[in-house]
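Numbering starts at 1 and runs along the sequence shown. Heavy-atom basis, side chains included; hydrogens, waters and symmetry copies ignored.
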Amino acid sequence: MPRIQDSRAPGRVSTARQLERQRAILRSAARLGAEHGLERVQMSEVAQSAGVALGTLYRYYPSKHHLFAGVLDGAVRELPHPTPVPGDPITGSSEFLAAAVDELLRHPHLARAMIVSMNAVRAEGHALRAEPPAAASSAAAAALETDHVMPERILSSAGITTPTDEDRRLARLLEQCVYGILTWTIAGRLTTPQAVSDVHRACTLLLAPWREPH
């Protein structure tokens, strides 16, 4: 009988051994997701490939959506740290994000698994905000930390070291736009070259205020 997935937050990693185990799980999930896609990947396959017990996998990732949201979180964190273009914050951000989108879409099945799963985890977190504090904090943990990692990378790529509230707002808006471009691409509405082109255009339009000296 298949294991019933629950909506609790993923387990926290606190030791070097646990960290290595988690990395093995994410590597296996990424490989299998790239080969088979979200629907055809089985949690038991991931556990076997990673060399961990199925119960251990579920302790870290209580559902397949949590697992592939974790893969996306790791992929974002592993993106190369951007190198700003002196005097040209828009080009710096545009080149960084275009390269990030191109990398994330390199394996279409995996890209779809990551985006669909992150949407599901975020929706779950939103639904639980109306629940008691314990449930709400669990949802916050499950949402991972991708939502603040990418805006910080965008600001870094622009060479903005002391961002204002408006700078952070622009970075957040751009992240939302790029996420929408990724969503349309995995749905087959855009090709990867079109997605990359749209990212460049979005940066030009949304980040126009950064043309003024900071």
Side-chain angles (χ1 to χ4, degrees), residues 2-38 40-83 96-97 99-107 109-125 128 133-157 161 171 175 179 182:
R3 184 177 181 133
I4 298 175
Q5 299 179 354
D6 60 44
S7 60
R8 63 181 174 80
R12 292 297 186 180
V13 175
S14 58
T15 68
R17 182 179 179 185
Q18 289 174 338
L19 179 60
E20 182 52 40
R21 188 179 296 159
Q22 183 189 51
R23 287 173 174 166
I25 289 170
L26 294 177
R27 285 194 300 267
S28 294
R31 180 179 61 78
L32 291 169
E35 292 175 1
H36 305 302
L38 179 65
R40 292 180 58 195
V41 171
Q42 300 298 318
M43 294 290 269
S44 57
E45 290 180 289
V46 176
Q48 182 178 16
S49 176
V52 301
L54 185 59
T56 299
L57 172 59
Y58 275 103
R59 185 163 65 249
Y60 288 121
Y61 299 103
S63 75
K64 195 159 40 171
H65 283 146
H66 283 96
L67 174 59
F68 281 100
V71 174
L72 177 58
D73 183 68
V76 169
R77 291 177 182 279
E78 290 176 3
L79 289 171
H81 282 272
T83 301
F96 164 66
L97 286 170
V101 165
D102 189 59
E103 176 63 23
L104 290 173
L105 293 174
R106 193 157 53 91
H107 299 291
H109 290 319
L110 179 59
R112 181 181 178 278
M114 293 189 296
I115 298 297
V116 168
S117 295
M118 184 61 81
N119 286 342
V121 169
R122 284 172 171 161
E124 176 188 302
L128 287 176
S137 61
S138 176
L144 309 174
E145 297 177 349
T146 303
D147 290 342
H148 76 254
V149 172
M150 185 57 81
E152 291 300 325
R153 293 288 184 89
I154 292 171
L155 291 166
S156 176
S157 68
T161 55
E175 180 198 23
Y179 195 81
L182 286 169

Run the numbers on Arg31 and Ser49 for side chain to side chain donor-acceptor pair (under 3.5 Å), then give the verdict. CA-CA 10 Å; Arg31 180 179 61 78; Ser49 176; 2.7 Å; yes
Passes side-chain contact (heavy atoms from CB on, under 4.5 Å), His66 versus Tyr60? Steps please. CA-CA 9 Å; His66 283 96; Tyr60 288 121; over 6 Å; no
Taking it one step at a time, do Leu97 and Met150 satisfy side-chain contact (heavy atoms from CB on, under 4.5 Å)? CA-CA 9 Å; Leu97 286 170; Met150 185 57 81; 4.0 Å; yes
Could you go step by step and tell me if Val52 and Val46 meet the side-chain contact (heavy atoms from CB on, under 4.5 Å) rule? CA-CA 9 Å; Val52 301; Val46 176; over 6 Å; no
Lys64 vs Met43, test: side-chain contact (heavy atoms from CB on, under 4.5 Å). Steps then yes/no. CA-CA 7 Å; Lys64 195 159 40 171; Met43 294 290 269; 4.1 Å; yes
Return a table of donor-acceptor pairs under 3.5 angstrom between the side chains of residues 110-120 and protein atoms on other chains or two or more places apart.
| residue | atom | partner | partner atom | Å |
| --- | --- | --- | --- | --- |
| Arg112 | NH1 | Glu39 | OE1 | 3.2 |
| Arg112 | NH1 | Glu39 | OE2 | 3.0 |
| Arg112 | NH2 | Glu39 | OE2 | 3.3 |
| Ser117 | OG | Ala113 | O | 2.7 |
| Asn119 | OD1 | Tyr179 | OH | 2.8 |
| Asn119 | ND2 | Ile115 | O | 3.4 |

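Between atom OH of residue Tyr58 and atom OG of residue Ser44 there is a gap of 7.5 Å, rounded to the nearest 0.5 Å. The structure places CD of Glu35 at 9.5 Å from CD of Glu45, a figure rounded to the nearest 0.5 Å. Atoms CD and CD, on Glu152 and Glu175 in that order, are 10.5 Å from each other to the nearest 0.5 Å. We find the CG-CZ distance between Leu32 and Arg40 to be 11.0 Å, quoted to the nearest 0.5 Å. In this structure, CZ on Arg23 lies 12.5 Å from CD on Gln18, to the nearest 0.5 angstrom. Annotation: the span from Leu155 atom CG to Thr161 atom OG1 amounts to 10.0 Å, rounded to 0.5 Å.
Comment: Asp73 engages Arg77 in a salt bridge, judged by a side-chain N to carboxylate O separation of less than 4.0 angstrom. Taking the charged nitrogens against the carboxylate oxygens, Glu20 and Arg17 have no contact shorter than 4.0 Å, which rules out a salt bridge.
The two residues Pro80 and Phe96 make their nearest non-hydrogen contact at O-CE1, 3.7 Å. Across every non-hydrogen atom of Gly70 and Tyr61, the tightest pair is CA-CE2, 4.4 Å.
For Gln48, the CD atom counts as loosely surrounded, since its 6.0 Å shell holds 12 or fewer non-hydrogen atoms of other residues, nucleotides or ligands.
The side chain to side chain donor-acceptor pair (under 3.5 Å) test applied to Gln42 returns no partner, not counting sequence neighbours.
With hydrogens and angles disregarded, no donor-acceptor distance shorter than 3.5 Å links the side chain of Ser156 to the backbone of Arg153.
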